[in-house]
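Atoms considered below: every heavy atom in the structure, side chains included; atoms not considered: hydrogens, waters and symmetry mates. Read the numbers this way: they start at 1 and go in the same order the structure lists the ligands and their atoms.
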Amino acid sequence: MSITSKEIRKKFLDYFSEHSHLILESASLVPINDPTLLVVNSGMAPLKSYFTGEQRPPQQRLCNIQKCVRTNDIESVGDRHHLTFFEMMGNWSIGDYFKEEAVDFAWDLLKNGFGFDLSQMYATVFGGDKKFPAVPPDEESKVAWEKYLPKDRIISLGAKFNFWGPAGDTGPCGPCTEIFIDRGKNYGCGKDSCDPSCNCERFLEIWNAGVFMEYYLDENGNLRELPLKSVDAGAGLDRFAVILQGVDSIYETDLLSPIVEVFAPKDNLESKSVRIMTDHLRCATFMIADGIYPANTKREYIVRRIIRRALLHARLAEKDPESFIRATKVVVELFSPYYPELIRSQGIVEMAIRRETATFGKTLNRGLKELEKVFPKSQEVISGADAFKLYETYGFPLELTKEIAAEKSLKVDEEGYKNQLEKHKERSRQAKGGVQ
Ligand code: GLY
């Protein structure tokens with residue numbers, strides 16, 4: 001193998017350490033003192049108070065590899081590069097260097113550190129957006145990239161692509177510049193207009209080389225300027241590994257292929273269900289190891305949903321859920337040298353996964369049968385009452401019902417579902433003796 005993931009982590013941290021960045025440990029996936037977030041979803045999330053100026057960082061330049069969970073793209077898991085759990089390689093300047101240096105660092109490390117083929121590289125910058133009229137187009141990053149890239153490979157885009165954050169509902173945010181690798185026409189939609197803003201798989205974002213944290217978005221949707229101008233840069237380890245290990249998808253990297261092998265022989269790498277089980281079991285293992293046990297509330301519901309979704313795919317792929325335990329053992333073996341908490345929690349992880357798969361496994365068949373009854377009477381929309389019954393009686397997370405329904409081109413009445421859920425909560429409160 002050209003370069004292992006272990007070597008990628010090390011090279012990244014060594015580079016930034018050599019450039020005066022203090023290496024931090026990865027924080028837990030459970031956010032501390034942050035009601036805006038259920039789980040840590042980015043490298044900057046545990047460092048927010050440094051960006052706002054509320055706390056002083058131990059040093060102005062920081063870096064680390066941070067465990068992250070994001071489920072906003074969960075439906076895309078199974079393609080070449082979407083994940084629910086990933087390791088973010090991050091470098092930060094808290095009121096120290098800014099746009100030009102962030103671009104210089106990224107270019108230098110990609111070229112001289114990792115030896116990326118830069119002829120395939122594109123950069124995107126914030127081009128202005130009426131959503132944020134007070135934020136000017138980012139000319140400074142554009143000029144910084146012009147030192148390295150031809151102008152036609154520097155693309156200006158709007159806020160949807162090049163304004164990042166906040167990591168929760170409110171918090172630090174700003175325009176950003178991202179790096180994409182062109183994987184070639186064969187990976188994409190084939191349209192002449194295809195560029196890094198296209199949602200096909202041709203252009204792979206490998207590094208958010210700098211979110212320029214200049215603003216704070218408040219609860220009224222207003223931006224105010226932060227006291228410091230900072231940089232928050234993050235690169236997904238799995239995506240670096242795809243390019244540097246010269247493989248087609250994240251599932252063939254040394255980070256995920258040993259987990260894939262638990263579920264499928266090598267010739268079955270493209271099975272969507274195998275990919276989903278692989279990603280979800282890694283995510284669930286890390287979440288449980290950080291003390292997030294499957295349940296129906298808040299972050300616990302995220303891990304429950306992930307395990308239940310994996311179980312559905314185990315059923316579709318005709319896999320024995322016992323393979324989930326084997327998969328968690330592989331996750332622990334692969335990742336514990338970097339995340340020792342996995343070793344300490346191995347027994348608890350196995351127990352939680354066994355319990356969840358046993359509980360949901362029993363009702364999964366009955367729930368699927370119930371869904372078969374619901375489909376014909378639903379025409380275009382599954383009623384809120386039916387979706388709620390599936391949740392209450394069979395433990396089907398709403399999102400799972402939506403996904404199964406979507407395969408039959410059906411929608412779910414989500415408002416109706418929420419009404420039913422509220423009524424149910426009200427009934428429970430009354431049964432417990434009323435609201436305090
Ligand atoms: N915090 C920057 C990113 O997650 O892309």
Which residues pass the side chain to side chain donor-acceptor pair (under 3.5 Å) test with Lys11, not counting sequence neighbours?
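Counting only residues at least two positions away or on another chain, Lys11 forms no side chain to side chain donor-acceptor pair (under 3.5 Å).
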For Lys329, give me all partners under side chain to side chain donor-acceptor pair (under 3.5 Å), at least two apart in sequence or on another chain.
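Scan of Lys329 (side chain to side chain donor-acceptor pair (under 3.5 Å), adjacent residues dropped) gives Glu350.
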Does Arg9 count as lying over the ring of Tyr338, i.e. NZ or CZ under 6.0 Å from the six-ring centre, within 45 degrees of the axis?
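Checked: cation-pi criterion met.
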Within 45 degrees of the axis of the six-membered ring of Tyr187 and under 6.0 Å from its centre: does Arg183 put its NZ or CZ there?
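Here Arg183 passes the 6.0 Å and 45° test against Tyr187.
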Look at atom 2 (C) of ligand 1 and say which protein heavy atom is nearest, naming residue and atom and giving the distance to 0.1 Å.
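Protein heavy atom with the smallest distance to atom 2 (C) of ligand 1: Asp232 OD2, 3.5 Å.
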Counting non-hydrogen protein atoms only, what is the nearest one to atom 5 (O) of ligand 1? Give residue, atom name and distance.
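For atom 5 (O) of ligand 1, the nearest protein heavy atom is Asn208 ND2, 3.0 Å.
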Go through ligand 1 atom by atom and flag the ones less than 4.0 Å from a non-hydrogen atom of Val211.
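By the 4.0 Å cutoff, the relevant atoms are 2 (C).
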Within the 4.0 Å heavy-atom shell around Arg70, which atoms of ligand 1 are there?
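So the atoms of ligand 1 that pass are 3 (C), 4 (O).
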Given the side-chain rings of Tyr391 and Phe396, with only the six-membered ring counted for Trp, is the space between their centroids under 6.0 Å?
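That pair fails the under 6.0 Å test.
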Sub-4.0 Å heavy-atom approach of Gln66 to ligand 1
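Heavy atoms of Gln66 never come under 4.0 Å of ligand 1.
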Is Met88 close enough to touch ligand 1? Criterion: a residue heavy atom under 4.0 Å from a ligand atom.
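True for this residue.
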